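To start, the structure under review is shown below, and the notes come after it.
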Number of protein chains: 2
Amino acid sequence: MQMFANDPQYIVEDMLKGYAKAHSDIVAPTDNPRVFKTAQPVREGKVGIVTGGGSGHKPAFIGYVGRNMVDAVAVGEIFSSPTAVAFYDAIRAADHGNGVACLYGNYAGDNMNVKMAMEMAEDDDIEVKIVVANDDVASAPKENREKRRGVAGEIFMWKCAGAKAAMGGTLDEVIAAAQKAIDNCHSVGVGLSPCSLPAAGKPNFQIEEGTAEFGIGHHGEPGVEVCRLGTAKEIAEKMTKLVMDDISDKGNGELAVLVSGLGSTPVMELYVLYQEVEKILESNGFKVVFPLVGNYFTSLDMKGATVTLCQVDDEMKEYLNMEIDTVAWKQFQK
Amino acid sequence: MQMFANDPQYIVEDMLKGYAKAHSDIVAPTDNPRVFKTAQPVREGKVGIVTGGGSGHKPAFIGYVGRNMVDAVAVGEIFSSPTAVAFYDAIRAADHGNGVACLYGNYAGDNMNVKMAMEMAEDDDIEVKIVVANDDVASAPKENREKRRGVAGEIFMWKCAGAKAAMGGTLDEVIAAAQKAIDNCHSVGVGLSPCSLPAAGKPNFQIEEGTAEFGIGHHGEPGVEVCRLGTAKEIAEKMTKLVMDDISDKGNGELAVLVSGLGSTPVMELYVLYQEVEKILESNGFKVVFPLVGNYFTSLDMKGATVTLCQVDDEMKEYLNMEIDTVAWKQFQK
């Protein structure tokens, strides 16, 4: 496998070393080598924001640690959950006396480990509440939303909760902001090539030339169908229809839209896809008020993209426009 | 070829449509569809900063347009120079009465078209001065630096010049800042996989498994040798040695270091590479004071990376730390 790596078994280790060195102004190490916290000062009494998940999704999860967003992160091995202790240590690192919101994606390992971490935190009298992201439309029908996986919509959940906490929100208010953000998110992924686990050194599945895995998950979980790849317009229509149809109440019609690459997609192609998505949304009466295009949540070296629609109102727009300084997402106050 | 595209002949067109829609707060269209300018207010009398180049290097070049950096950009077809008229229109768009610094990479087409654009601008009494980036160490020996290609070091050239212009520098001062920045840059690229021109639909050369094209150019120009890929440590040693040895005067030993992916390299691997590069630099008496890791200057879907060392003094650190708001690079004031 063609990659920059030493021993692939320690690739997360090596990556974190590089990350900590390159971004010491934004993230700081903790006593637990798999837990990092914001290097920027946090106001005493601010509700803490924690996330975590498996590695291989760069810039998620660690890239969202920073001023006005995530306070501490638990880092897992490639595609596997951080340990309960890592989540617990992240919770302790993020605690400033008024509770911690732990905001993560709906995967069995993360659910289990966060639950254990919460029990440990309870013994320390740290109040922890959770929101479990479940924005991947293709992973379960609408009536079973609680079974859906969390994917790229998680970044809106962290952004809104981080803003609310920075504004002085209580734990319940921060949790409400996070829950509202993720409830408003509808995502779908399409894979054009498989990804390769570094330690395995070969693709973990196949995608035939000229086809796409429609509805693929962030770890290569099979999609709902293998479709013809077609043009950007055709694939954008298929993706956008699925997520638009998932919206029950159009509300004001305003959307934040994220088109994220899955790791090896040239950013040029993401813009080609974005302009088709936006056209379709506008012709259906939606208005994109907050667009994001780039590699915001990836799957190792998979080629492909996710499209996330996030319905926004004035409250959410205020959260989204708040200044943040993280590695993955820097936002100047508008 | 597995990609998100409509007619590959019009992929630049489609990409720019998406780009303009997604980033209307940062870039604005002009009458020339291949010229974009900053959407943010520019102070009358500020020296203008122009760049331009072929497409396929996202986020370069357009990604560096924005507050305190590049004022206008000329966009070429995939891997080919913008037209003379596009450079000329970009110069006009960036002119605010005190001249324009046109800062671009050393390629035959760009040199020719910028020269013609300057002649056109002369007729309009717009003073234009240029700096031609030539930081690619592998492309010519040190004594023929003027023959070297411009690669990822260009971003430091734009950053320093943009800052100097924002501070009220004259055209000569801005040009001096740009020249100093690029003179201080030493870059090398390594390719692990070829790239594919969208219209051709297949790789434009081959790289054998287990080998790397050492010294590869931004358009797949052959390197100085095909070497064994080896570990991240080994390839980092080879890359870092080449660029360190290109430094004549170590000065204060302080460096800005950019490790940029070439398009399809997972960012995780860039951090693995970065930590090895930093270790080698520090053991050789250098100190990294301004690290950048990510996809800052790419080559379509090529897998690989560039390493750029940029020697910095207090003046350059002030430029680098100045606040900028572009799509590719957002920097909060330190």
Side-chain angles (χ1 to χ4, degrees), chain A residues 1-7 11-12 14-19 21-23 25 55-56 58-59 192-193 198 207 209-210 212 229 231-233 235-236 259 263-276 278 288 291-295 298 300-301 303 305 323 325 327 330-332 334, chain B residues 1-7 11-12 14-19 21-23 25 55-56 58-59 192-193 198 207 209-210 212 229 231-233 235-236 259 263-276 278 288 291-295 298 300-301 303 305 323 325 327 330-332 334:
Chain A
M1 187 181 167
Q2 294 288 85
M3 62 176 174
F4 297 112
N6 295 313
D7 182 342
I11 195 165
V12 174
D14 283 350
M15 178 266 287
L16 289 175
K17 273 185 217 161
Y19 199 91
K21 283 177 172 187
H23 304 301
D25 54 334
S55 289
K58 223 35 24 348
L192 306 195
S193 86
I207 295 175
E209 182 80 19
L229 173 52
T231 63
K233 183 167 187 283
I235 199 85
V259 174
S264 71
T265 317
V267 172
M268 177 170 68
E269 297 178 30
L270 300 178
Y271 284 106
V272 172
L273 196 61
Y274 174 76
Q275 56 104 22
E276 296 295 346
E278 196 194 285
V288 183
L292 288 175
V293 181
N295 287 300
T298 68
L300 293 169
D301 60 344
K303 183 156 190 180
E323 184 170 294
D325 188 5
V327 174
K330 290 173 192 288
Q331 171 85 36
F332 286 93
K334 297 282 181 238
Chain B
M1 186 180 168
Q2 294 288 84
M3 62 177 173
F4 296 111
N6 294 312
D7 183 342
I11 195 166
V12 174
D14 283 350
M15 178 264 288
L16 289 175
K17 272 185 219 161
Y19 199 91
K21 283 179 173 184
H23 305 302
D25 54 334
S55 291
K58 213 64 0 355
L192 307 195
S193 87
I207 294 176
E209 181 81 18
L229 174 51
T231 62
K233 183 167 187 283
I235 199 85
V259 174
S264 70
T265 317
V267 172
M268 177 170 67
E269 297 179 31
L270 301 177
Y271 284 107
V272 173
L273 195 60
Y274 174 76
Q275 56 102 21
E276 296 294 345
E278 196 195 286
V288 183
L292 288 175
V293 181
N295 286 301
T298 68
L300 294 169
D301 59 345
K303 182 156 190 182
E323 183 171 295
D325 189 6
V327 173
K330 292 175 192 285
Q331 171 85 37
F332 286 92
K334 298 279 182 244

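Remember, predicted model here, so these are calculated numbers, not experimental data. Order of the sequence lines sets the chain letters (A, B, ...), proteins ahead of strands, with each chain counted from 1. No hydrogens, no waters, no symmetry mates; every other heavy atom, side chains included, goes into these values.
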For A:Val327, is it the side chain, the backbone, both or neither that has a heavy atom under 4.5 Å from a heavy atom of chain B? side chain
Measure the shortest side-chain to side-chain distance between B:Asn6 and A:Gln275 over non-hydrogen atoms and say whether it is less than 4.5 angstrom. yes
Which is it for B:Ile11 and A:Val272 under the side chain to side chain contact (heavy atoms under 4.5 Å, CB included) test, yes or no, and what are the steps along the way? CA-CA 7 Å; B:Ile11 195 166; A:Val272 172; 3.8 Å; yes
Proximity breakdown for A:Leu300 and chain B, heavy-atom pairs closer than 4.5 Å: both
Between A:Glu323, A:Lys303, A:Glu278, A:Lys334, which residue shows the highest count of heavy-atom pairs closer than 4.5 Å to chain B? A:Glu278
Relative to chain B, which of A:Pro266, A:Pro198, A:Ser193, A:Gly294 shows the most heavy atom pairs under 4.5 Å? A:Pro266
Is the shortest heavy-atom distance from the side chain of B:Ile207 to the side chain of A:Gln2 under 4.5 Å? yes
Using 30° and 60° as the class limits, which term best fits the ring planes of B:His23 and A:Tyr271: parallel, tilted or perpendicular? perpendicular
Is it the side chain or the backbone of A:Ala212 that comes within 4.5 Å of chain B heavy atoms, both, or neither? neither
Most contacts with chain A, counted as non-hydrogen pairs under 4.5 angstrom, among B:Leu273, B:Asp325, B:Asn295: B:Asp325
Kindly determine whether B:Phe4 and A:Thr231 satisfy side chain to side chain contact (heavy atoms under 4.5 Å, CB included), including the steps that lead there. CA-CA 7 Å; B:Phe4 296 111; A:Thr231 63; over 6 Å; no
With a 4.5 angstrom heavy-atom cut-off, is it the side chain or the backbone of A:Glu276 that approaches chain B, or both, or neither? side chain
Test ring pair (Phe, Tyr, Trp, His ring centres under 6.0 Å) on B:Tyr19 and A:Tyr274 and set out the steps. CA-CA 8 Å; B:Tyr19 199 91; A:Tyr274 174 76; over 10 Å; no
Any side-chain heavy-atom pair from A:Lys330 and B:Gln331 closer than 4.5 angstrom? no
A:Asp7 portion near chain B, given a 4.5 angstrom heavy-atom threshold: neither
Please classify the contact of A:Lys58 with chain B as side chain, backbone, both or neither, using a heavy-atom distance under 4.5 Å. side chain
I need the residue from B:Lys233, B:Met1, B:Met15 with the largest number of non-hydrogen atom pairs under 4.5 Å to chain A. B:Met15
Please classify the contact of A:Pro59 with chain B as side chain, backbone, both or neither, using a heavy-atom distance under 4.5 Å. neither
Where do A:Pro291 and B:Ala22 come nearest, in terms of heavy atoms and distance? CG-O, 3.3 Å
Taking atom CE of B:Met3 and atom CD1 of A:Ile235, what is their separation to the nearest 0.5 Å? 13.5 Å
I'd like to know which of A:Leu270, A:Val288, A:Asp301, A:Leu229 tops the heavy-atom pair count under 4.5 Å against chain B. A:Leu229
